[in-house]
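We name chains A, B, ... by the order of the sequence lines, and we start the count at 1 in each one.
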Protein chains: 2
Amino acid sequence: MTGYNTRQRQMIISCLKENSDRHMTADMLIKRLLQSGVSVGRATVYRTLDKLCREGAVRRYELSVENSACYQYIDGSADCGEHFHLKCECCGELIHLDCGHFSKLSEHIEKEHAFKVDNAKTVLYGLCENCAAASMKNRG
Amino acid sequence: MTGYNTRQRQMIISCLKENSDRHMTADMLIKRLLQSGVSVGRATVYRTLDKLCREGAVRRYELSVENSACYQYIDGSADCGEHFHLKCECCGELIHLDCGHFSKLSEHIEKEHAFKVDNAKTVLYGLCENCAAASMKNRG
DNA sequence: TTGCGTGCAAAGGTTTTGCATGGCA
DNA sequence: TGCCATGCAAAACCTTTGCACGCAA
């Protein structure tokens, strides 16, 4: 991270790292920091997230399920480039999937359809097991 | 479509149908209607889109490329369930792809990972041919 | 000391809502 | 006639920006 190493920035990054397994909105981040007794201004949070995104340390998603952008910390040494994400449209659960089939699809699309898929940014929407079952029940 | 058949609703649906091959924001819709000499209030447009979405005639997307939601008319008789979408993060182009590989991936995910992918809602992000080439050039 | 980072408040854009009026059935 | 639909304006959101002050290096 370039620039100054301030208390606020430390706390934001630390909180993002602790929750690197999920997608957080700016608001969730602010509230979680508050719970830890740390108050950080909204503008600072947005500016820091923007900076981290540009540096590649954080990834930004627009998830239809939420009405605000989501952010996720990307550990450079982790395998986040390998796996991809499923997001349940119903309960909002985010599922990380390490599955060769998706990589193969990416390769196919790149070779045959001349489009380079961004595994990290792409999110497959649908219904998770629980919600699909609940949906079946409601329909009778 | 349930409810009354008003002039505004007719025009909105008509415009959506004419542009069913692309993703339109509420604003694009309003502007296009204005160009046709039809003025429809913003609230009406949003309310109608919301209604159409709930009825399944229109699909709503949150595309990271735009800063507002996009809507697309779904022709019940068309094959929109069959194909899926690629969206270039760079130029914003939306590509429709009829490709069995994706259907196979969906099947695999449903069977092996207990997650029912919504082909229609899912958008794969990445770089189109042109933008990928341009990106290569810039890097030398 | 320099200049980036911060916080507040205000502005920006998109979407929603309240309310009186309009218009379909 | 009854009730949904419309339009305006205002509100509610999320996010960005201007500006003065604070603080890391």
**Asked** Is any side-chain nitrogen or oxygen of B:K51 closer than 4.0 Å to OP1 or OP2 of D:dA5?
**Response** yes
**Prompt:** Does a side-chain N or O from A:T6 land closer than 4.0 Å to OP1 or OP2 of C:dT6, or not?
**Reply:** yes
**Prompt:** Which parts of nucleotides 7-19 of chain C does protein reach within less than 4.0 Å, heavy atoms only, written one letter per nucleotide 5' to 3' as B for base, S for sugar-phosphate only and - for none?
**Reply:** BB-----SBBBB-
**Asked** Nearest heavy-atom pair of B:T122 and A:V123: which atoms, and what distance?
**Response** CG2-O, 3.8 Å
Could you list the residues that satisfy side chain to side chain contact (heavy atoms under 4.5 Å, CB included) with [X], not counting sequence neighbours?
X     : answer
A:T25 : A:D27, A:M28, A:E66, A:S68, A:C70
B:I30 : B:R42, B:V45
B:T6  : B:Y4, B:Q8, B:R9

Please report, rounded to the nearest Å, how far the [atom2] atom of [N] is from the [atom1] atom of [X].
X     : N      : atom1 : atom2 : answer
B:R9  : D:dC3  : CZ    : C1'   : 13 Å
A:M28 : D:dC13 : CE    : P     : 18 Å
B:N5  : D:dC3  : CG    : C1'   : 16 Å
A:M11 : D:dC23 : CE    : P     : 17 Å
B:Y4  : D:dT1  : OH    : P     : 14 Å

**Message:** So A:Y61 and A:H85, do their side chains get closer than 4.5 Å, heavy atoms only?
**Reply:** yes
**Complete:** If each end axis of the helix from C:dG13-D:dC13 to C:dA25-D:dT1 is fitted on five C1' pair positions, the angle between them, to 10 degrees, is 30°
**Fill in**
Residues at least two apart in sequence or cross-chain that pass ring pair (Phe, Tyr, Trp, His ring centres under 6.0 Å) with A:H108, listed by chain then number, are A:H113, B:H101
**Message:** Checking side-chain contact (heavy atoms from CB on, under 4.5 Å) between A:Y73 and each of A:E18, A:R22, A:K17, which is the one that passes?
**Reply:** A:K17
**Message:** Between B:Q72 (side chain only) and B:S20 (backbone N and O only), is there a donor and an acceptor less than 3.5 Å apart?
**Reply:** yes
